[in-house]
Number of protein chains: 2
Amino acid sequence: MDNDVRELRGAAGLSQQALGERLGVSRQTINAIEQGRYDPSLPLAIRLARFFGRAVEEVFHCDD
Amino acid sequence: MDNDVRELRGAAGLSQQALGERLGVSRQTINAIEQGRYDPSLPLAIRLARFFGRAVEEVFHCDD
DNA sequence: GGGTCATGTAAAAGGAGCTTTACATTGTGG
DNA sequence: CCACAATGTAAAGCTCCTTTTACATGACCC
């Protein structure tokens, strides 16, 4: 399950810290998600997708 | 965070057991999600939405 | 060289997701 | 009445998500 968070964040010109603050999570959480160390919870995934104006499926890609 | 799983499952004519088998989770998991006892993981939410031909955001509604 | 910003990473701790096993209720059909 | 299917629920246990604190790196500016 990989995702486009890093690209979208870069395009938005935000640091991991700044994005975390906007979404109410720590920068380590953003970092872990970008690196695919784990998947976000469903509510966080929805907040992330909505923040970037995308559908959840567009941001997070299942590999199956 | 509530969802439309029960309605969609009913419309599909499937038991909780049958739906769980299709998605690779236990019937208790389906039951808990339908009752809002907890949110599914992101991969399960995506599988559920895809199974019903909907977007994740259409099936799971954030209350914020 | 010293400060700061952005990022990577790690450990400990707590809460959430999911499993299995098990028991209870309700309804339906023989 | 007796199965049987569908659902609700509970406990124990494991893994995953997220936090906090902390240290380390490289880039960049003064």
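Order of the sequence lines fixes the chain letters, A, B, ..., with proteins taken first and strands second; residue numbering starts at 1 for each chain.
- Checked against D/dC23, C/dA10, C/dC23, the side chain of B/R27 finds its nearest nucleotide in C/dC23.
- Among D/dT18, C/dT7, C/dA22, the nucleotide with an atom closest to any side-chain atom of A/R6 is C/dT7.
- Between B/L19 and B/L48 there is a side-chain heavy-atom pair separated by less than 4.5 Å.
- Taking atom CG on B/L44 and atom P on C/dA16, their separation rounds to 18 Å, with Å as the unit.
- With distances taken from any side-chain atom of B/I33 to the nucleotides D/dA22, C/dT7, C/dC18, the minimum falls on C/dC18.
- Ranking C/dA6, D/dT18, C/dT21 by closeness to the A/Y38 side chain, first place goes to D/dT18.
- Contact annotation for B/T29: base contact, defined as any heavy-atom pair under 4.0 Å involving a base atom.
- Following rounding to the nearest Å, B/Q16 (CD) and D/dT9 (C1') show an atom-to-atom distance of 12 Å.
- The distance between atom CG of B/L23 and atom C1' of C/dT19, rounded to the nearest whole Å, is 16 Å.
- B/G24 comes within 4.0 angstrom of the backbone, heavy atoms only, and of no base.
- One interatomic measurement links the two molecules: CD of B/Q28 to C1' of C/dC23, which rounds to 12 Å at whole-angstrom precision.
- Closest approach to the A/P40 side chain among D/dT9, D/dT18, C/dG8 is made by D/dT18 (side chain taken as heavy atoms from C-beta onward).
- Contact annotation for A/S41: backbone-only contact, meaning every heavy-atom pair under 4.0 Å involves sugar-phosphate atoms and none involves a base.
- Note: CZ (B/R37) to P (D/dT7) measures 16 Å, nearest angstrom.
- Between A/N31 and B/I30, the residue anchored closer to the 5' end of DNA chain C is A/N31, taking for each the nucleotide with the nearest heavy atom.
- Atom CD in B/E34 sits about 15 Å away from atom C1' in D/dT9, given to the nearest Å.
- A donor-acceptor contact under 3.5 Å is not formed by the side chain of A/Q35 with the base of C/dT7.
- With C/dC23, D/dC17, C/dC18 as the choices, the nucleotide that has an atom nearest any side-chain atom of A/D39 turns out to be D/dC17.
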